Amino acid sequence: MIRSEEELLAGLNPVQREAVRHRGGPLLVVAGAGSGKTRVLTSRIAHLILTGEARPYSVLAITFTNKAAGEMKERLAGMLGPGVERMWVSTFHSACVRILRVHAERLGYSRSFTIYDAADSKRLVERVEKALNIDTKKIRAQTVAAEISRAKAELVDFESYSDRAQGPFQQTVARVYADYQKRLASSSSMDFDDLLMVTANLFEACPDVLVTYQERLQHVLVDEYQDTNFAQNKLVLMLGEKHRNVCVVGDADQSIYAFRGADVRNILQFEEAFPDATKIALEQNYRSTKVILDAANAVIANNLSRIPKDLWTEGSAGDPIMRYRAADENVEAAYVATEARRLAAEEGLFYNDIAVFYRANAQSRALEEAFSLADVPYKVVGAIRFYERKEVKDLLAYLKVVANPADDVSARRIVNVPRRGIGDTSLEKLARWAAISGRALGAAITDLAGAPSEDGADDLQAAGITKKAASGLAELAGLLADLRHMDQEGFSPGKLLSEVLDRTGYRKELEDAQRDEAEARLENVAELVGVAERFSSLDDMLSSVALVSDSDDLAQIEGKVSFMTLHVAKGLEFEAVFMIGMDDGVFPHMRSLDDPRELEEERRLCYVGMTRAKSRLYMTHALERRVWGSETYSIPSRFLSEIPEELVEDCRGYTRRGGEGYRR
């Protein structure tokens, strides 16, 4: 535990110390890749508390993943002791859930509102489109869901969206958005974007709530500020308005998530929002060699929308960047596999020290074939995540309906899982019956457990539901009623899951399947029960699970080369990095070539990829690529030409027949 300011500042460079010790108003820390920004942010929080400037409960620290928040809490606990438990260290979404669990009723939501993930949202959009007789082949639910998400990130509600809608597509989205939002509200549910938008609405509609949090959270610190969207930026400005102790850390050169709503202008215009802000640039890099940094600096210097800075290092110059020209994508992949094997055999790298980055997921196909042939172990990062697996979502849906009977999407998921004789026809009849009586599907099922059996049977018979389906519904209603009673009696979420597994026969069904896939699914079920046992409250467990980010699962894979998209690579580092597909039209992507703003984002993506490499960087392109079944000729990416030639060494390329091989 740290006991003095001198001990806290030990090991920080002069600029880092300046950022840690700054007092008196807003602070913008422009933190280059590998410049120790997490240490600076953590040390600044510790310094505020150690010097008595702030109490732990008066600090809000925002990170972009639950994993990062957990690591920051651990560091702070090691530095300051257990008192940091009262500090808010979380993601934006987690902080909003914490606020809404207390105040959601002010806007007509239940405190036990359900949080819909992307799959749940897409499923609800599909149902809305079906109800509105919209052709889902022409206007895909995923596209509509993305457009709704974009609108919410800009704090545009469905009424405002409808007023602004132009053209057939937006007008169709407006219809879906309105019905989608009404269904969410009627089921007391929120999607991920609602967590931000509803919190902003809460602060505007209930000024007393905003004042409460402004008074309490006197210091607001935000990491990765270049990745914030309009709604997140709005929340920061609202919370920081009173005390103005707002510290944001980020790098405009690493803003690569515009497709998720991130707006690089938030960090570029921070000094306009806070004209008295102090700006400090962290430029010393502790990760990469000088050659890699010089190359990355040269590439990103071509962007106009940035805060100027130049990364530098006291480390070694390092090896030149290896540039490889392949005949086609298969030869390119063969080179990468062969060179990865050589790095492990001759230069002492472990396979998990090596990563291959690409612009689009489809590019992994050639790599997977080449690495299999070369017998080099690999892992494609970004496969189906734990909480997206069918058995996990099935069981979580039971718990969601227990916590919130109005959750229509979860109720539909569990009504016939495992099979209990309730087909699609019976389900739709049940849904119509529930709607006529003004109830959500889950609530209607729950009510069956409390109704006299004759009345319940009469109601179901009147709805046109078969005896077999009625029997299955009665069984489900009884289970849900018992689970809700167990929850009220204080049973852990793990005990509730075990009850579901035993009484529904879900576990036995998997055990009887006797297939490798079933065994893996049983392992997933056991893992979920283990997770649930760590929580004492069902609401806490469901909130925690819903807020797990796709970036939280990105630990380096032991003993395997990692394959991933460049977007996924952000925040990671590897000894050796291969960036493949460096062809114009592949990377930068074809759709960005005629749009200066999108081209700048592609260049930032290139910069991010380059600065993940610690000691070795390979950049490859192909003379031909097969696109939509046809061979197309490629030209090298313009990003390659932006790297000074003295920093690059060319490898002789393979021919398609493999006659010449390659050399370093």
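The basis for the numbers below is simple: all heavy atoms, side chains too, and nothing from hydrogens, waters or symmetry mates. Fair warning: this is a prediction, and the values are worked out from it, not measured in the lab.
Here the side chains of Thr63 and Glu224 are not in contact, with every heavy-atom distance at 4.5 Å or above. For the pair Val417 and Arg413, the minimum side-chain heavy-atom distance is 4.5 Å or more. Ile414 is listed as a side-chain neighbour of Leu476, based on a closest heavy-atom distance under 4.5 Å. Val30 is listed as a side-chain neighbour of Leu28, based on a closest heavy-atom distance under 4.5 Å. With a 4.5 Å cut-off on side-chain heavy atoms, Gln214 and His243 do not count as touching. Counting only heavy atoms from C-beta outward, the side chains of Leu430 and Leu473 approach each other to under 4.5 Å. Between Arg597 and Glu601, the closest side-chain pair of non-hydrogen atoms is not below 4.5 Å. Two residues are said to be in side-chain contact when any heavy atoms from C-beta on lie closer than 4.5 Å; Thr38 and Thr42 meet this criterion.
In this structure, His103 has its ring center under 6.0 Å from that of Tyr213.
Without hydrogens or angle criteria, Asn266 side chain to Thr228 main chain gives a donor-acceptor distance under 3.5 Å. At least one donor-acceptor pair under 3.5 Å links the side chain of Asn404 to the backbone N or O of Ser187. At least one donor-acceptor pair closer than 3.5 Å links the side chain of Gln226 to the backbone N or O of Asp251. The backbone N or O of Ser110 sits less than 3.5 Å from a side-chain atom of Ser188, completing a donor-acceptor pair. Ser121 places a side-chain N or O within 3.5 Å of a backbone atom of Asp117 that can act as its donor or acceptor partner. Looking only at distances, no side-chain donor or acceptor of Ser149 sits under 3.5 Å from a matching main-chain atom of Ala145.
Shown here for Met541 and Ala532, the closest heavy-atom pair between the two residues is CE-CB, 3.7 Å. Across Leu195 and Cys96, no two heavy atoms sit closer than the pair O-CB, 3.4 Å. The nearest pair of heavy atoms linking Ile45 to Val59 is CG2-CG1, 4.2 Å. Pairing each heavy atom of Ala95 with each of Leu60, the nearest pair is CB-CD1, 4.5 Å. Across Ala252 and Ile267, no two heavy atoms sit closer than the pair CB-CG2, 4.0 Å. The minimum heavy-atom distance linking Ala205 with Leu107 is given by the pair CB-CD2, 4.2 Å.
With sequence neighbours excluded, no residue satisfies side chain to side chain donor-acceptor pair (under 3.5 Å) with Arg164.
Under a cut-off of 6.0 angstrom, the local environment of CZ in Arg127 is crowded, with over 12 non-hydrogen atoms contributed by other residues, nucleotides or ligands.
Here Glu602 does not pair with Arg591 in a salt bridge; the nearest charged N to carboxylate O distance is not below 4.0 Å. A salt bridge does not link Asp487 to Arg484: none of the charged nitrogens lies less than 4.0 Å from a carboxylate oxygen.
Cation-pi check for Arg101 over Tyr109 is not met; the charged atom does not lie both under 6.0 angstrom from the ring centroid and within 45 degrees of its normal.
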(request) Given salt bridge (Lys or Arg N to Asp or Glu O under 4.0 Å), test Asp120 with Lys400 step by step and report yes or no. (result) CA-CA 12 Å; Asp120 294 330; Lys400 289 178 181 180; 3.3 Å; yes

(message) Using salt bridge (Lys or Arg N to Asp or Glu O under 4.0 Å), reason through Arg111 and Glu105 one step at a time and then give a plain yes or no.
(response) CA-CA 6 Å; Arg111 290 189 183 188; Glu105 290 175 338; 3.4 Å; yes

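Ring planes of Phe259 and Tyr257: perpendicular class, angle over 60° (limits at 30 and 60°).
Remark: of the listed residues His22, Arg23, Glu53, Arg21, Arg23 is the sole one forming a side-chain hydrogen bond (donor to acceptor under 3.5 Å, both in side chains) with His47.
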